[in-house]
Amino acid sequence: MIEEIRNKIANALSLLYSSYNEVATINIEINRTTDKSHGDLYTNIAMKLAKIVKKNPLNIAEEIRDHITLNDEIVKIESVAPGYINFFISTKNKYDQINTILNSKDDLIQNVENTKNIHVEYVSANPTGPLHIGHGRGMILGEVTAKFLSYQGHKIIREYYVNDAGRQIDLLLVSVLLCHLGKNKHIFVDEKTNDDGHLVTYKGNYVNDVAISLSHDLEKIDKDSVLSLLNEPIDSLISFLKKHKSYSQIRNALVNVIIDKYIKEDLSAVGINFDSWFRESQLYETGLLDEVLLNIKNKNLSYSKDGALWFKNTQFGDDQDRVLIKKNGDMTYFATDIAYHVHKFKNHDVLIDIWGADHHDYAQRLRTALKALDYDVDNCLQIHLVQFANLYKSGQSISMSTRSGEFYPIQDLVADIGRDATKFYYLIKKKEQHLEFDVDQAREENKNNPIYYIQYAHARITKILKDLDSERVSEEDYNNLISKNEVEILGIIDKYQETLNKAIFEIRPDIITNYLYKLSKVFHSYYAETKILTEDIRGERIRLVQCVDKIILNGLKVLDIEPMDSM
RNA sequence: GCGUCUGUAGCUCAGUUGGAUAGAGCAUUAGCUUCCGAAGCUAAAGGUCAGAAGUUCGAAUCUUCUCAGGCGCUCCA
């Protein structure tokens with residue numbers, strides 16, 4: 001319908017204003033009206049042309065209007081000040097979408113033509129403990145990103161990058177070892193507290209459980225040697241451990257326990273399964289890290305200073321150069337991340353990283369480094385930065401720290417409000433927005449809680465339609481659906497497909513949650529005001545609510561939320 | 001100081017590519033059960049779209065500046 005009108009206008013323009021070159025290239029916008037007294041569709045083309053053809057926009061609108069013929073579908077055209085052209089569409093054609101949706105068997109999603117191999121990396125929290133609500137938003141948005149891209153038709157691999165070779169693992173190992181020796185309250189002489197007042201070693205209750213699981217391995221470490229190092233700086237103990245012949249085996253066992261007993265369980269609680277787990281240690285073992293560092297050196301992008309190896313970031317606009325290899329020989333995250341991305345570039349067309357917004361500067365740094373190594377960063381690497389979520393409970397903001405053991409595990413949130421509410425609330429706003437997440441509200445089972453409100457609409461429709469299985473309802477033209485709510489519902493239905501596809505292609509789940517909420521709202525209003533199962537126009541109303549229900553089910557399915565037939 | 005995200009009703013937020021009178025929910029106030037689920041509905045009230053200038057026929061939307069808040073600017077992860 002919109003295309004048809006656009007063609008008619010283009011035709012009129014070529015007759016009227018062909019002498020102006022710019023007219024041929026102008027974008028003819030056709031939009032839906034918000035006020036039905038202005039018809040169904042409108043265009044602002046006359047106002048855009050006013051400047052080019054130097055005429056009063058209203059006159060232009062009139063000229064265009066007179067060059068478009070009416071037919072069965074376009075029943076009226078009017079030109080209105082300051083220069084809108086409004087189109088009135090016949091009811092029969094206005095609502096083709098309702099039949100399209102009711103008759104369709106697929107998911108109403110358009111596929112892209114050239115599909116790509118896309119690598120999506122998300123969560124990737126250090127394997128030092130259970131996942132908590134601070135990880136929740138990236139977790140859910142990462143999953144939705146992967147899902148939406150696969151709806152588009154792309155081939156997706158979901159990967160969790162496991163930082164199993166860094167300092168945090170050594171600190172966790174020390175913490176676990178202390179527990180094993182019954183010294184879990186021990187604090188090292190040099191153990192500083194950071195700005196948040198948290199310690200460097202891990203103090204959560206789970207550390208003790210991990211120590212029990214690993215007791216067989218921990219027995220291999222000589223107890224007396226460890227005890228003798230307790231009054232020295234923590235790094236003495238760490239270097240002692242690193243020299244131990246079973247060090248990598250024990251570290252590996254530790255990481256396995258954390259991943260298998262905690263992280264995978266946490267992910268599964270919100271329904272996430274990764275296709276691949278990539279370990280940082282692989283970068284060392286395969287020699288890729290050395291290879292990449294050599295490449296950086298050969299391209300003259302690094303230099304040595306103060307015993308460390310530096311990348312020449314200032315050559316690319318950064319305000320300082322950044323360290324690749326520390327004075328003590330350890331790699332920085334910068335170095336291993338470059339190598340990891342080099343690895344990912346080998347087998348994929350597009351890489352997507354889902355990171356917290358606090359990594360903004362770092363993302364820029366990584367991009368420039370990879371660009372300097374001749375990777376097509378602009379086209380092939382997307383780093384999606386997700387703003388923080390602030391969770392509230394009983395009016396209090398919940399703060400989080402894995403090390404101190406003071407955190408709210410994601411599994412507790414799921415147990416508290418349910419998997420679907422958890423997902424829904426994390427998805428309710430676009431990623432650039434800071435998210436205020438009220439746990440108490442998410443637990444409520446009333447209209448304060450959008451997910452229940454939507455579920456309730458579905459439950460009500462399910463109840464109405466329950467006994468109608470045998471009733472045949474034929475395709476209708478919906479001419480009798482003329483009440484305010486009916487017209488509004490038809491209008492919302494009409495926009496579903498374009499809304500859905502916009503959400504999928506722009507990876508904006510918030511558009512879907514908003515849409516479903518609005519649809520549910522009008523439905524509830526309609527339901528309270530109108531009896532659906534009446535004698536006279538029963539069929540049309542049944543089809544209307546069937547369509548509403550189908551959209552709710554489809555929208556929830558796209559978001560991977562389970563519908564509730566009764567509540 | 002630099003970078004970045006944000007600023008819309010008392011609170012939490014929508015607002016299509018710049019379009020016609022800026023919209024919801026909560027909270028407040030006043031109502032609605034012979035009737036498909038009241039886990040609901042109806043209505044009232046609530047606005048300097050942070051501020052200023054600019055572009056435009058037309059700005060919450062685009063540009064610039066200012067103000068306020070979050071985050072980052074470690075040989076941290």
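As the structure is a computational prediction, the values presented were derived from the model and not from experiment. Chain letters run A, B, ... following the sequence lines, proteins first and then strands; every chain starts at 1. Note that these values count all heavy atoms, side chains included, but never hydrogens, waters or copies made by symmetry.
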Problem - Polar pair under 3.5 Å, donor/acceptor by atom type, side chain A:N86, base B:A20 - result: yes
Practice task
Test for a donor-acceptor pair under 3.5 Å between the base of B:G25 and the side chain of A:Y453, counting only N and O atoms.
Solution key: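 No.
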Short side-chain N/O contact to [N] OP1/OP2 from [X], under 4.0 Å:
X      : N     : answer
A:Q441 : B:G25 : no
A:K429 : B:C13 : yes
A:K518 : B:A14 : no

Considering Watson-Crick and G-U wobble pairs with both distances under 3.5 Å, what does [N] pair with?
N     : result
B:A30 : B:U42
B:G7  : B:C67
B:A14 : none
B:C62 : B:G54
B:U74 : none
B:A22 : none

Are the charged groups of [X] and [Y] less than 4.0 angstrom apart, N to O?
X      : Y      : value
A:R167 : A:D235 : yes
A:K48  : A:E29  : yes
A:R32  : A:E498 : yes
A:K393 : A:D416 : yes

Fill in the blank from the handout: Per the glycosidic torsion and the 90° limit around 0, nucleotide B:U55 is anti
Does [X] reach a base, just sugar-phosphate, or nothing at all? Heavy atoms under 4.0 Å.
X      : result
A:R541 : nothing
A:K430 : sugar-phosphate
A:T530 : base
A:K521 : sugar-phosphate

Problem - Face-to-face contact A:Y84 to B:A20 six-ring, under 5.5 Å, under 30° - result: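 Yes, A:Y84 stacks on the base of B:A20.
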Problem - Aromatic plane relationship, A:Y456 with A:H524 - under 30° parallel, 30 to 60° tilted, over 60° perpendicular - result: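 A:H524 and A:Y456: parallel rings.
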Practice task
Using the six-membered ring wherever Trp is involved, compare the ring planes of A:Y517 and A:Y453 and label them parallel, tilted or perpendicular (cut-offs 30° and 60°).
Solution key: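 Tilted.
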Practice task
Between protein and nucleotides 72-77 of chain B, map the contacts as a letter string: B base, S sugar-phosphate only, - none, heavy atoms under 4.0 Å, written 5' to 3'.
Solution key: SSSBSB
